[in-house]
Amino acid sequence: MGIWFLAAISYFAAAALTIHLTSNGRDIATIWPANAILVALLLAQERPRWGAVLSAGFVAGVAANLITRGASAGAILYGLANLIEVGLAVSLLRRSGEREGILHTTGAVLRFILVAGLVAPAVSAVPGSLTAFALYGEPLPKAFATWVASDGLGLLVFTPFLSTVVRGDFVDGFARKTWRERGLSAALLVLVGLVAYGVFFLATRPLLFAIFPPLMLVTFRVGRLGVEAAVMLVAVIGGIATMQGRGPMILIAADAATQAQAFQAFLAVTLVICLPVAAEVTARARLTAALAAHGQEMTASAITDALTGTLNRRGFEAEARRWLRAEAPGSLSLIAVDFDHFKQINDRWGHQAGDQALRHFAALVSSHVRAGDRVGRLGGDEFMILLPHSDLDLARGVGERVRAAVENAPLALGGQPVASLSLSMGIAAARSGESYEDLARRADRALYEAKEAGRNTIRWAG
């Protein structure tokens, strides 16, 4: 019942307030945002609760019409017309995939404008305008045109914003921003509100063009969510001013009906300009993010050893040279690592066992080095470990932990241990002005000394 009460209360409040502010009690309201509430709720649900949402909207709409227009069959007929509009709009938008985001692509925006701004309102305008003609004496062509414009603008202006709120996109988007970005977004929306207030309440000339620069600024700096909020803000401020007989529409036309139509035309132009631009900005932002992620992935794969997940030769040597330029002499060490009798593993158990041994070592070494240390596979069973911010004593400690860990963790195949592993290591601490090649050469010489000393041991360069 929670969704029913939420839909009913929201719809009643929007409908009653809209009729009170924009209608004389007999004609059709200038803009009708209430249906956007139901559309947003139904689009956000994985399995739409049609019965609960539509019945809540119908009951709330009838109640709002009875309170504001008095008892008549019009309340029920208007309610049925609104249900037709909501049901048709949601069905068409879900069928075209727009449930995932109305402004995500330019094509999605154009389909949304067609469905919500024209098709659904035009279909519901048939019973709606006939009701206004038969019960309230409104001219049929005028009632039809007003219904289409009122309901179409209500869906176009309010559905995008309400959909993001219901789906939680607004909260998620806000949470992903830095405090600086949040402040900028809020400041730009305040700017749009202030400019809209000035244009509709304070200006003595029709300065509608002044609203578009801040709207475009929001479009490019804040993105889709900002545009949705900004357009709705302009619609609310402008609608209130026009219904109170204030603002540029009063300067453009003398009678209230023409003023309402002029305001509807202004909102339509604003939407046609802003929504496609916002969709294109959103699409470009997603494309840029995807390209950046792909670039990072390609960069990572270019410097990563596919078998072990450690750095490959290219990546390791680049890291070593970078640290050598940054570190003070004696504060960086290099450990050369080589498996003892690795060929015997391949000969006895096959190359897959050899690959498993290399992966086994990579997993062990990652748990025995520091977060800032770098491990690289230079080829075959040859590895190197780069230790920034370390001297020879610290490097010997790290090397001994790694050597002991491998010695105490036999190679397992099929869940059964099949062979003991051992490592020989050579360690060298960087000297002042020493190149990577010279440092690696000294570590390799120490490694050969460890091999000659009987293997499964560590030697270090003086």
Side-chain angles (χ1 to χ4, degrees), residues 292-293 295-340 342 354-407 409 421-451 457-461:
Q296 292 175 350
E297 181 180 342
M298 293 300 293
T299 300
S301 64
I303 62 173
T304 302
D305 178 61
L307 177 63
T308 63
T310 64
L311 293 171
N312 60 19
R313 177 184 290 274
R314 176 184 177 185
F316 183 84
E317 291 181 351
E319 279 287 287
R321 291 188 176 94
R322 182 174 69 86
W323 278 106
L324 277 170
R325 290 192 298 268
E327 290 287 275
S331 61
L332 182 143
S333 300
L334 189 66
I335 305 177
V337 182
D338 194 62
F339 279 75
D340 295 331
F342 185 76
D355 291 347
Q356 178 60 28
L358 298 176
R359 288 192 291 265
H360 180 61
F361 166 76
L364 284 173
V365 74
S366 64
S367 62
H368 288 84
V369 296
R370 301 166 302 174
D373 297 336
R374 300 288 186 266
V375 180
R377 181 187 176 206
L378 274 62
D381 61 327
E382 300 174 8
F383 288 81
M384 279 198 174
I385 304 173
L386 181 71
L387 304 174
H389 314 302
S390 69
D391 55 16
L392 199 56
D393 289 337
L394 190 149
R396 283 199 294 260
V398 171
E400 181 56 35
R401 288 199 303 272
V402 172
R403 188 203 62 77
V406 171
E407 184 181 27
L421 302 175
S422 66
L423 305 173
S424 296
M425 298 184 182
I427 304 175
R431 295 169 177 170
S432 178
E434 189 172 30
S435 67
Y436 165 73
E437 288 76 14
D438 290 340
L439 176 62
R441 193 176 296 112
R442 290 197 298 116
D444 279 336
R445 282 200 297 265
L447 170 63
Y448 296 144
E449 292 176 7
K451 293 280 190 182
T457 188
I458 300 174
R459 291 293 184 267
W460 47 91

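Everything numeric in this text was worked out from a predicted model, so none of it was measured.
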Just how far is it from atom CG of Leu334 to atom CD1 of Ile385, taken to the nearest 0.5 Å? 9.0 Å
Mind checking the CG-CG spacing from Asp340 to Leu421? Nearest 0.5 Å is all I need. 9.5 Å
Donor-acceptor contact present, side-chain Arg313 to main-chain Phe316, <3.5 Å: no
Considering only heavy atoms from C-beta outward, does the side chain of Val406 approach that of His360 to under 4.5 Å? no
Pair Ser424, Asp338: side-chain N/O donor-acceptor within cut-off below 3.5 Å: no
Hey, could you give me the CZ/OG distance between Arg441 and Ser435, rounded to the nearest 0.5 Å? 7.0 Å
State, yes or no, whether a side-chain contact exists between His389 and Trp323 at a heavy-atom distance under 4.5 Å. yes
Scanning both residues in full, the closest heavy-atom pair of Ser366 with Ala363 reads OG-O, 2.8 Å
Would you check if Leu358 and Phe383 make a side-chain contact, meaning some heavy-atom pair closer than 4.5 Å? yes
Here the pair of heavy atoms bringing Arg442 nearest to Ala461 is NH1-CB, 3.6 Å
Nearest heavy-atom pair of Gly399 and Ile458: which atoms, and what distance? C-CD1, 3.4 Å
With sequence neighbours left out, the residues meeting side chain to side chain contact (heavy atoms under 4.5 Å, CB included) with Ala405 are His368
For the atom pair CG (Leu439) and OG (Ser333), what is the distance rounded to the nearest 0.5 Å? 8.0 Å
Could you give the distance from CZ (Arg403) to CG (Leu364), rounded to the nearest 0.5 Å? 13.0 Å
Donor-acceptor contact present, side-chain Arg374 to main-chain Gly372, <3.5 Å: yes
Leu307 side, atom CG; Gln356 side, atom CD - distance, nearest 0.5 Å: 9.0 Å
Minimum heavy-atom distance Phe339-Ala357, with the two atoms named: CZ-O, 3.8 Å
Which residues pass the side chain to side chain contact (heavy atoms under 4.5 Å, CB included) test with Asn312, sequence neighbours left out? Ile303, Asp305, Arg314
What I'd like to find out is whether the side chain of Asp444 reaches to under 4.5 Å of the side chain of Met384, using heavy atoms alone. yes
Heavy-atom distance under 4.5 Å between the side chains of Ser390 and Leu332, does that happen here? no
Kindly indicate whether the side chain of Asp381, heavy atoms from C-beta on, has any atom under 4.5 Å from the side chain of Phe361. no
Please confirm whether the backbone N or O of Gly426 pairs with a side-chain atom of Arg445, one donor and one acceptor, at under 3.5 Å? no
Side-chain heavy atoms of Met425 within contact of Val402, under 4.5 Å: yes
